[in-house]
Amino acid sequence: PGRRPVRIAVPFLGDEVDAPFPPAASALREPNGLLAAGGDLELPRLLNAYRAGAFPWFMPGEPILWWSPDPRCVFLTGEMHVPRRLRRDLRTSTWRVEADRAFDDVLAACAAPRSDHDAGTWITPAMAHAYGALHAAGHAHSIEVRDAEDTLVGGLYGVAIGRMFFAESMFSARTNGSKAALLGLARRLATWGFPIVDAQVASGHLFTLGAKLVHRGEFLAAVATLVDLQDVVGSWTGRFGALPVPALVNG
């Protein structure tokens with residue numbers, strides 16, 4: 001006999017796509033940050049969620065679950081860390097970092113199993129459709145690392161509102177591909193006046209590049225200011241340009 005399923009009570013969102021989310025302070029401590037369930041993944045609700053410091057994450061067969069963990073993992077775009085070995089590897093790279101040339105390809109790569117033992121992904125077809133709509137609306141962006149033959153070797157995608165960037169997922173087709181994407185994103189965002197990248201939940205991989213933990217209240221206060229700052233909505237391809245990877249670690 002297996003264990004009896006544990007039922008957790010959280011607010012269930014209704015059909016009104018513009019209805020406010022519950023206060024982040026009401027999110028559960030265990031599991032950390034579970035804020036609400038239900039609703040949908042339509043464009044207005046997703047934008048409202050990010051503005052409220054919440055994001056969707058759920059597995060196939062589960063209802064839509066919304067999260068706002070405490071503490072929050074972030075990068076300060078002007079304070080990225082490049083470990084010595086990574087610096088050495090990237091210094092002579094022929095790769096470059098670009099944006100929004102292949103959003104669907106980056107999304108598909110992020111959704112692919114990480115190993116033979118990885119049976120599933122949280123990037124379901126419904127999630128892929130939702131973020132494709134955000135991309136078409138000019139809010140979701142892909143950061144792409146390409147080699148000299150124009151092959152995609154790594155990347156990430158996320159959501160930009162005002163001058164706040166919420167990173168969602170990243171992938172590496174070759175060693176250090178995702179790290180180069182994150183460093184390239186931070187370099188460009190710093191010059192555009194985006195001080196923070198939301199990384200959601202901490203991991204050892206992120207800490208090696210300078211990720212920090214901040215209290216949820218501090219994070220939400222920053223988000224409330226940054227999402228209301230004016231910035232360009234639309235494709236980043238021309239604006240981002242092509243950033244040579246060695247430029248991220250040289251000089």
Side-chain angles (χ1 to χ4, degrees), residues 73 75-118 121-123 125 127-128 131-132 134-136 138-160 165-192 194 197-200 203-211 232 234-251:
C73 184
F75 288 97
L76 304 182
T77 59
E79 300 180 15
M80 300 297 291
H81 174 67
V82 185
R84 181 179 301 174
R85 182 173 180 177
L86 178 62
R87 185 180 298 273
R88 182 194 65 199
D89 291 344
L90 297 185
R91 185 170 286 133
T92 58
S93 173
T94 60
W95 298 350
R96 66 188 185 279
V97 188
E98 299 178 328
D100 285 344
R101 284 185 53 198
F103 183 86
D104 291 344
D105 292 341
V106 170
L107 195 71
C110 289
R114 296 293 196 260
S115 69
D116 293 339
H117 305 290
D118 188 358
T121 175
W122 58 271
I123 306 176
M127 288 284 273
Y131 284 90
L134 273 175
H135 176 64
H139 283 292
H141 303 281
S142 58
I143 306 301
E144 303 141 16
V145 183
R146 298 179 179 274
D147 66 12
E149 287 72 46
D150 206 37
T151 301
L152 197 60
V153 300
L156 62 84
Y157 77 95
V159 177
F165 191 88
F166 305 87
E168 276 296 324
S169 186
M170 56 187 179
F171 81 97
S172 290
R174 297 187 201 165
T175 302
N176 296 328
S178 62
K179 293 179 181 178
L182 187 55
L183 291 171
L185 171 67
R187 175 68 64 88
R188 281 292 187 252
L189 291 182
T191 64
W192 297 346
F194 286 61
V197 171
D198 174 30
Q200 299 180 348
S203 72
H205 169 75
L206 298 179
F207 284 134
T208 65
L209 295 177
V232 176
S235 173
W236 280 1
T237 302
R239 184 186 188 193
F240 198 100
L243 181 59
V245 165
L248 303 175
V249 296
N250 292 335

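These values consider heavy atoms only, across backbone and side chains, with no hydrogens, waters or symmetry-generated copies.
- For D198, the side chain to side chain donor-acceptor pair (under 3.5 Å) criterion is met by R72, not counting sequence neighbours.
- Under the ring-ring contact (aromatic ring centres under 6.0 Å, His included) criterion, H139 pairs with no residue, sequence neighbours left out.
- Legend: residues meeting side chain to side chain donor-acceptor pair (under 3.5 Å) with S203, ordered by chain and number and at least two apart, are absent.
- Between the side chain of S93 and the main chain of V245, no donor-acceptor pair closer than 3.5 Å is present.
- Judged as a salt bridge (Lys or Arg N to Asp or Glu O under 4.0 Å), and not counting sequence neighbours, R88 has no contacts.
- In terms of heavy atoms, A199 sits closest to L206 at CB-CD1, 3.9 Å.
- R87 contributes a side-chain N or O that, together with a main-chain N or O of V249, makes up a donor-acceptor pair within less than 3.5 Å.
- For A160, the side chain to side chain contact (heavy atoms under 4.5 Å, CB included) partners are H141, F165, F194, W236, not counting sequence neighbours.
- Considering only residues two or more places apart in sequence or on other chains, R91 meets the salt bridge (Lys or Arg N to Asp or Glu O under 4.0 Å) condition with none of them.
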Enumerate, atom names and distances included, each donor-acceptor pair closer than 3.5 Å involving a side-chain atom of residues 177-186, sequence neighbours excluded.
| unit_1 | atom_1 | unit_2 | atom_2 | d |
| --- | --- | --- | --- | --- |
| S178 | OG | S172 | OG | 3.0 |

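- Under the side chain to side chain contact (heavy atoms under 4.5 Å, CB included) criterion, T151 pairs with D147, E149, R174, sequence neighbours left out.
- Sorted by first and then second residue, the salt bridge (Lys or Arg N to Asp or Glu O under 4.0 Å) pairs with a member in residues 99-112 read E98-R101, R101-D150; sequence neighbours excluded.
- The side chain to side chain donor-acceptor pair (under 3.5 Å) search around Y157 returns none, not counting sequence neighbours.
- Legend: residues meeting side chain to side chain donor-acceptor pair (under 3.5 Å) with Q200, ordered by chain and number and at least two apart, are E168.
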